[in-house]
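Just so you know, residue 1 is the first one in the sequence shown, and it goes up from there.
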Amino acid sequence: LGKYKIGRSYIGKYGLAYKLHGLDKTNSNAFKRAVVLHGNDCVPDVEVYPGQICKSEGCPMVSPLFFEQLKKFLDQSERPVLFMIYN
């Protein structure tokens, strides 16, 4: 949980992903632990509440369609992008 700076992209286990740099005491090891933002086919494009989606191993993940839209924004941004995860 907390604030993250979205870092550089790379190709990983789930394809394209963005490294995350934790900015709070609660997530300061995110980069060392390889917590990344990525797309995953098991995440639907529509709301499923109160249903469930697939389980993550700790990384935030979004649907592939949303990830493509997000990628365009992240790759064009000239300034750092903050990402916040809260309960």
Side-chain angles (χ1 to χ4, degrees):
L1 299 177
K3 294 185 296 277
Y4 298 83
K5 180 180 98 171
I6 298 179
R8 294 180 181 243
S9 64
Y10 75 102
I11 303 297
K13 180 179 178 180
Y14 295 99
L16 184 70
Y18 289 88
K19 296 183 179 191
L20 295 177
H21 302 269
L23 302 176
D24 296 321
K25 281 196 275 187
T26 56
N27 64 9
S28 61
N29 288 324
F31 187 84
K32 284 192 257 180
R33 291 182 54 229
V35 176
V36 300
L37 172 63
H38 63 84
N40 194 316
D41 290 330
C42 69
V43 179
D45 291 320
V46 296
E47 178 69 53
V48 296
Y49 182 82
Q52 297 180 350
I53 62 170
C54 53
K55 295 195 183 222
S56 167
E57 294 181 13
C59 294
M61 54 189 189
V62 296
S63 76
L65 182 62
F66 182 70
F67 191 72
E68 278 302 311
Q69 296 169 347
L70 191 57
K71 176 189 176 307
K72 291 174 190 172
F73 175 78
L74 295 174
D75 291 347
Q76 292 176 5
S77 179
E78 295 178 15
R79 300 180 70 191
V81 176
L82 293 181
F83 180 57
M84 295 181 211
I85 304 174
Y86 290 99
N87 268 342

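- Between Gly22 and Ala30, the shortest heavy-atom contact is N-CB, 4.0 Å.
- Atom CG of Asp24 has more than 12 heavy atoms from other residues, nucleotides or ligands within 6.0 Å.
- Residue Arg8 holds its CZ atom at 9.0 Å from NE2 of His21, rounded to the nearest 0.5 Å.
- For the atom pair CG of Leu20 and NZ of Lys3, the computed distance is 14.5 Å after rounding to the nearest 0.5 Å.
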Checklist entry - Would Tyr10 and Val36 satisfy side chain to side chain contact (heavy atoms under 4.5 Å, CB included), going step by step from the backbone distance to the final call? => result CA-CA 10 Å; Tyr10 75 102; Val36 300; 3.4 Å; yes

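- Note that NE2 of His38 is 14.5 Å distant from OG of Ser9, once rounded to the nearest 0.5 Å.
- Across all their heavy atoms, Asn40 and Met61 have their closest contact at ND2-SD, 3.6 Å.
- Listed for the Asp41 side chain is no donor-acceptor partner under 3.5 Å among the backbone atoms of Pro64.
- No side-chain heavy atom of Cys42 sits under 4.5 Å from any side-chain heavy atom of Ile53.
- Note that the CD1 atom of Ile6 and the CG atom of Leu37 stand 5.5 Å from one another [nearest 0.5 Å].
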Return a table of donor-acceptor pairs under 3.5 angstrom between the side chains of residues 75-87 and protein atoms on other chains or two or more places apart.
| from | atom 1 | to | atom 2 | distance (Å) |
| --- | --- | --- | --- | --- |
| Asp75 | OD1 | Tyr18 | OH | 2.8 |
| Asp75 | OD2 | Lys71 | NZ | 2.9 |
| Ser77 | OG | Arg79 | N | 3.3 |
| Ser77 | OG | Arg79 | O | 2.6 |

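- Connection of Val62 to Phe73 is established within a shared hydrophobic cluster, with ILVMFWY side chains joined at heavy-atom distances below 4.5 Å, either directly or through further cluster members.
- Of all heavy-atom pairs between Ala34 and Cys59, the closest is O-SG, 3.9 Å.
- The two residues Tyr4 and Leu23 have their closest heavy-atom pair at C-CD1, 3.9 Å.
- Looking at heavy atoms from C-beta onward, Val43 lies out of side-chain contact with Phe66 at the 4.5 angstrom threshold.
- The CD1 atom of Ile11 lies 5.0 Å from the CG atom of Leu16; values are rounded to the nearest 0.5 Å.
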